[in-house]
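Accompanying notes for the structure given below.
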Amino acid sequence: MKKKQGVLVLILTVVLIGLLAFTTAVGFGPTGTGSAKNIKTGLDLAGGVSITYQAKGDNPSQEDMDDTVYKLQKRVEDYSEEAQVYQEGDDRITVEIPGVTDANKILEDLGKPGSLEFQDESGNVVLDGSDIAGAEGGVTEDSQTGTKQYIVELTLTKDGTTKFADATAANLKKRISIVYDGETISSPVVQAVISDGKAQISGQQSIEEAKELASIIRIGSLKLELEELRSNVVGAQLGQQAIKTSLIAGAIGLVLVGIFMIVVYALPGVVAALSLAIYTGLELVMLNAFDLTLTLPGIAGIILSIGMAVDANVIIYARIREEIAAGKSVRSAIKIGFQKAMSAIVDGNITTLIAAAVLGAMGSGSVKGFAMTLALGIVLSMFTALVISRLLVNAFYAVGLRDEKFYGKQKERKTIDFLGKRKVFFTISIILILLAPIGMGVFHAKDGKALNYSLEFMGGTSTNVTFNEDLSIDDLDSQVKPVVQEVTGDANIQISKVADSNAVIIKTRSLTLDERQELNQKLVDSFGVDESKITAESISSTVSSEMRRDAIVAVLIATICMLLYIWFRFKDVRFASSAVLALLHDVLVVLAFYALSRISVGNTFIACMLTIVGYSINATIVIFDRIRENLKTAGKKADLKELVNLSITQTLTRSIYTSFTTFITIFVVFVMGVSSIREFALPIMVGIVCGAYSSVCITGALWYVLKTKVGKRAK
């Protein structure tokens, strides 16, 4: 890169940072397109629409209710991956969709759940709603004429596939009508026998019409017929103060990480700080562009990703210093440093990206939302580290900053005998892991709850109270929550306001009849409310058993896919096995912390565990990448024990610095955040410390043990 090009790159960088800052702060046009204020937010930050349906008929079975809740959850994910669906009482289902304020529009779009039938020309029912697995509106293009066709693609269940194959064979060139609540909504002509469980309905006039028809078919595939009982617009569950402090904490964390990088890495540290600013700006803009829903744990996740995004820069700059110490010129050191760091960065991030892809495809609700945010962060961090950082480092070199004092030189470090202490490390890890089943067993015997499951997992009681005045969310937090907690003895309380009224919805753990009466009396005594305006209902968990099953299956498949990728890239199954064992170690240690600390286990628990998985596998890959590199240069006669110790020592700086920068960002959030965000931040901090310990003390030792033991057996 020539000097003029370097100057141009630096100018464009300043312009880009300014443009991103303006976009996120102000945006463009009258609506502020691209600004952070337009990012779709969850129920906890912005409120939304709450609709309660009642099942038609008498005494619906619990199986049918569970099935309907699960299917409705899948439907409303089209509006937001953070939407919630839960059972209320014996025959009611409540749908909560964040970020919208027009209940009528949602009712119109979602449709009124009712009976769905497919009838032949004689009126015989050949399929019903239970035979439909899915329906999507879309566009196809005629290969010959190039004209667009708006279609609905149907996916049938196993039984539905068999029924539809028979029906289409018997009604070839005849119409099969789709009848919803007694009204014919479409009458397509059967063009061919359909036996693969996939069908297309063509002839729609627009994409909107195709999507509307698909929506009606999807909602009609529910087992139960539902009718709207009530709908409300509910306010945010958290006050502006909670959002403000979280954002301030994020800004402070960003500045602290930037200062740390500059102090440690000099000129490359300045590059890291600039790259980090660009990364943060791009993250906020992309959240807008991809219409992702942001919740308070999501804010914490972004703040955490700021710390993790530094990791790639640390790997690169440590490599540059090593090359300078080896006698290379600064120019060569920069080139070689990026080349050698490439494999660790790519492998680490792709491994995590595989997990995000599987979780996004198979998960639901908050798991799906977390996966999408995680994938976005990974792609952007790779882009800023491998493209932006490379351009900036070369630009600074081109404008004249070529002295090695600006880049630093790796000091010679004596190899530390980590493997010599492996028995001690393994013993410590086994003790930490055993704390999980022991702690869970003790608490299960004590109060019947191995973990402190929250409302999302256990369900609870929803109390609707109409106050005499319009209390703000901050008032509810400071005045009402303490009164409720006196009765429940549990800080896990969710409060939301009903728009344009003094009504407030309070969700708590399940309350007995005596506790409900006690809560009513305390609300009357403390706030003078009319007891006749207090109602309570039992509510189910928002994380259904099917959603838990989806999450567990997704995590298992993601783990297998990561194992296969590491096996493929490192050409040794022992690398993959060690990585998965280290990942399992970190997850179990954090689980032990949840069990012993009694921090509530809810949606943030899922996000926390998935974060630990991504962090753990990334840290492990860096160690293994260096072992792989040293194996290539050392040859077959290398002393494996010495080689592993050398590899861990060489990457020790990276392990410490990355853990520190990640820890400091989340620590600021923990110190400044509200109670709900602290419950997310504290286990993450434990996971970061555990991940640093396992990557340095456990992963290399595990690989060495597997390598030597398995190798001996092979011989």
Side-chain angles (χ1 to χ4, degrees), residues 53-58 60-61 63-64 67-68 70-72 74-75 78 107-228:
Y53 292 104
Q54 185 162 24
K56 289 184 177 180
D58 297 327
S61 70
E63 182 184 351
D64 285 348
D67 180 75
T68 304
Y70 179 63
K71 286 184 176 178
L72 266 179
K74 291 294 187 182
R75 307 293 183 264
D78 289 341
L107 285 166
E108 182 182 328
D109 291 347
L110 188 61
K112 177 185 173 185
S115 64
L116 180 77
E117 295 176 342
F118 286 63
Q119 300 178 0
D120 62 19
E121 291 182 348
S122 301
N124 300 313
V125 177
V126 296
L127 286 179
D128 60 32
S130 63
D131 297 313
I132 306 298
E136 296 293 334
V139 183
T140 61
E141 191 172 291
D142 192 300
S143 58
Q144 295 181 341
T145 63
T147 55
K148 290 183 178 179
Q149 290 186 329
Y150 303 101
I151 61 166
V152 174
E153 293 185 307
L154 295 181
T155 305
L156 305 174
T157 64
K158 186 177 180 180
D159 289 342
T161 299
T162 303
K163 290 180 185 178
F164 204 55
D166 294 340
T168 51
N171 292 276
L172 203 58
K173 302 302 178 181
K174 297 180 181 179
R175 293 186 182 275
I176 291 182
S177 299
I178 303 172
V179 181
Y180 182 75
D181 266 2
E183 180 183 345
T184 301
I185 56 174
S186 182
S187 294
V189 176
V190 178
Q191 301 293 340
V193 176
I194 300 171
S195 57
D196 62 353
K198 302 283 185 182
Q200 281 189 359
I201 302 173
S202 58
Q204 316 309 311
Q205 299 302 309
S206 64
I207 186 64
E208 289 76 20
E209 186 179 326
K211 287 186 175 181
E212 183 180 355
L213 177 58
S215 177
I216 293 172
I217 293 172
R218 285 199 305 269
I219 208 70
S221 68
L222 300 176
K223 278 194 173 182
L224 298 176
E225 292 186 42
L226 305 175
E227 58 185 354
E228 181 201 347

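All values derive from a computational prediction rather than experimental measurement. We number each residue from 1, following the sequence as shown.
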| query | Is there side-chain contact between K211 and E136, with at least one heavy-atom pair below 4.5 Å? | reply | no
| message | Main chain of R175, side chain of E121: is a donor-acceptor contact present, judged purely on distance under 3.5 Å? | response | yes
| message | If we ignore hydrogens and angles and just use 3.5 Å, is the side chain of D131 paired with the main-chain N or O of D128 as donor and acceptor? | response | yes
| side chain to side chain contact (heavy atoms under 4.5 Å, CB included) between K198 and T155, worked out | CA-CA 5 Å; K198 302 283 185 182; T155 305; 3.6 Å; yes
| task | Go through the steps to decide whether Q204 and Q149 satisfy the test side chain to side chain contact (heavy atoms under 4.5 Å, CB included), and finish with yes or no. | result | CA-CA 8 Å; Q204 316 309 311; Q149 290 186 329; over 6 Å; no
| side-chain contact (heavy atoms from CB on, under 4.5 Å), paired with I178, selected from T184, L127, L116 | L116
Nearest atoms (heavy-atom pairs only) where [X] meets [Y]:
{"X": "A167", "Y": "V126", "result": "CB-CB, 3.8 Å"}
{"X": "T161", "Y": "S195", "result": "CG2-O, 3.4 Å"}
{"X": "L156", "Y": "F164", "result": "CD1-CB, 3.4 Å"}
{"X": "A135", "Y": "V152", "result": "CB-CG1, 4.4 Å"}
{"X": "A55", "Y": "P60", "result": "CB-CG, 4.1 Å"}
{"X": "I201", "Y": "S186", "result": "CG2-OG, 3.8 Å"}

From [X] atom [atom1] to [Y] atom [atom2], the distance as rounded to the nearest 0.5 Å:
{"X": "I151", "Y": "I207", "atom1": "CD1", "atom2": "CD1", "answer": "8.5 Å"}
{"X": "S187", "Y": "Q119", "atom1": "OG", "atom2": "CD", "answer": "9.5 Å"}
{"X": "I176", "Y": "I194", "atom1": "CD1", "atom2": "CD1", "answer": "8.0 Å"}

